[in-house]
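Values below: every heavy atom of this structure, side chains too, minus hydrogens, waters and symmetry copies.
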Amino acid sequence: MVVEARTIVIVVPDNAQSLDVSGPFDVFLEANRQAPEKANYHIRTLSAQRERTVRAGGISLVTDGSIHDDDSGIDTLLIAGTPDYQQAYQGNELHQWLRRRIPLTRRHGSVCTGAFFLGAAGLLDGHTATTHWQHAAELADRFPEVNVVPDQIYVEDGPLWTSAGVTAGIDLALKLIEDDHGRELALRVAKRLVVFLKRPGGQSQFSVHLAAQIATEGRIQSIQHWILDHLSLDLTLDVLASRTAMSVRNFSRVFLQETGATPADFVEMARVDSARRLLEDTEMPLQRLASSCGFANPDTMRKAFLRRIGTGPSEYRERFRR
């Protein structure tokens, strides 16, 4: 039986993040290997420049072609990210190509900072999107017509798919395969590549948020680690300030200055992150789970989840378990 071919095109900007390209590429390629009777992905790379040789991290990548000389049909178009994403604002020819080709595709999207290229081409306006958490605020600032969700692994908005940083492109490709051919094949691919299939699109990137907000100032760093080890306690501002031998006012000022978050925000993020992990890994009842993470009750926990990741604990667990 001849299986319908689906052409996957990954656009590679100069100085691309190599895993933004190779991660999704290998996921689709592995689907072909795992189920040749079902999957027939034709994966191609196109340089965003006229030259086919592109720097990608520390390697030189020779693409299959260039956007300047390729008019073949495209089922799914993804644009890879790059640390040098400021080039997105100078790529007028790329913008024109994207605006011309994307309406002819079944679906399209980006990995990591590839979202900036779509944004600069005007293709994110009126949509919901994500990118690497470190660049989400800049994406929202640059493109105010875009609803930027900073804490998701990937976001689907109709035919538009955007993903968070680097390895999230693998999560995105697995989800696209699941949509095309079902969960069983996506799971086989994930097992072969030794990666998780079950990281859902709503999963927060809180762990990296928290790591980024660990201060360098000794007293603040110490209290942050203490918070993470004592989430079930009553972590009021008075309690935290007292443990650092600082006044409440000075503690609040220094904490915000050192971390970019208020003490209350940091505590809530840490509690949500802890609860998220328990929801993923256990069947603990919500009442007990909320208490173990320091929430007064399940309703308080639900409100914190909605603020931080846009979904409630029950919905999060259901999505993760499905």
For Leu124 and Leu160, run side-chain contact (heavy atoms from CB on, under 4.5 Å): C-alpha distance rounded to whole Å, both residues' side-chain angles, the deciding distance at 0.1 Å, then the answer.
CA-CA 8 Å; Leu124 293 184; Leu160 171 66; 3.7 Å; yes
Any idea which heavy atoms bring Gln86 and Arg142 closest together, and the distance?
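Heavy atoms of Gln86 and Arg142 come nearest at OE1-NH2, 3.5 Å.
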Could you check [options] and say which one makes a side chain to side chain contact (heavy atoms under 4.5 Å, CB included) with [X]?
X      : options                  : result
Leu77  : Val11, Thr7, Ile8, Ile10 : Val11
Arg6   : Leu176, Asp75, Thr76     : Asp75
Thr162 : Asp157, Val148, Val155   : Val155

Backbone N or O of [Y] within a donor-acceptor pair of the [X] side chain at under 3.5 Å?
X      : Y      : answer
Ser47  : Thr63  : no
Ser291 : Arg288 : no
Arg52  : Val62  : no
Thr300 : Ala296 : no
Thr282 : Leu278 : yes
His95  : Ala88  : yes

Lys/Arg cation over aromatic Trp161: Arg107, 6.0 Å, 45° cone
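Cation-pi check for Arg107 and Trp161: fails.
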Tell me whether Arg302 forms a cation-pi arrangement with Tyr316, defined as NZ or CZ under 6.0 Å from the six-membered ring centre and within 45 degrees of its axis.
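Verdict for Tyr316: no cation-pi partner in Arg302.
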Side chain to side chain donor-acceptor pair (under 3.5 Å) involving Asp125 - partner list, sequence neighbours excluded:
none
Atom pair CD1/CG of Ile67 and Leu98 - distance to nearest 0.5 Å:
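Output value for this atom pair is 7.0 Å.
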Separation of Ile220 CD1 from His225 NE2 (nearest 0.5 Å):
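Output value for this atom pair is 12.0 Å.
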Do Asp229 and Trp226 come close enough that some side-chain heavy atom pair is under 4.5 Å?
no
Is any side-chain heavy atom of Leu29 less than 4.5 Å from a side-chain heavy atom of Arg33?
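Side chain of Leu29 against side chain of Arg33, heavy atoms only: contact under 4.5 Å found.
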Let me see the working for Asp14 and Gln87 under side-chain contact (heavy atoms from CB on, under 4.5 Å), right down to the final yes or no.
CA-CA 8 Å; Asp14 191 35; Gln87 64 185 279; 3.8 Å; yes
Does the pair His127 and Glu145 meet the rule for a side-chain contact (heavy atoms from CB on, under 4.5 Å), with working shown?
CA-CA 8 Å; His127 294 285; Glu145 298 302 314; over 6 Å; no
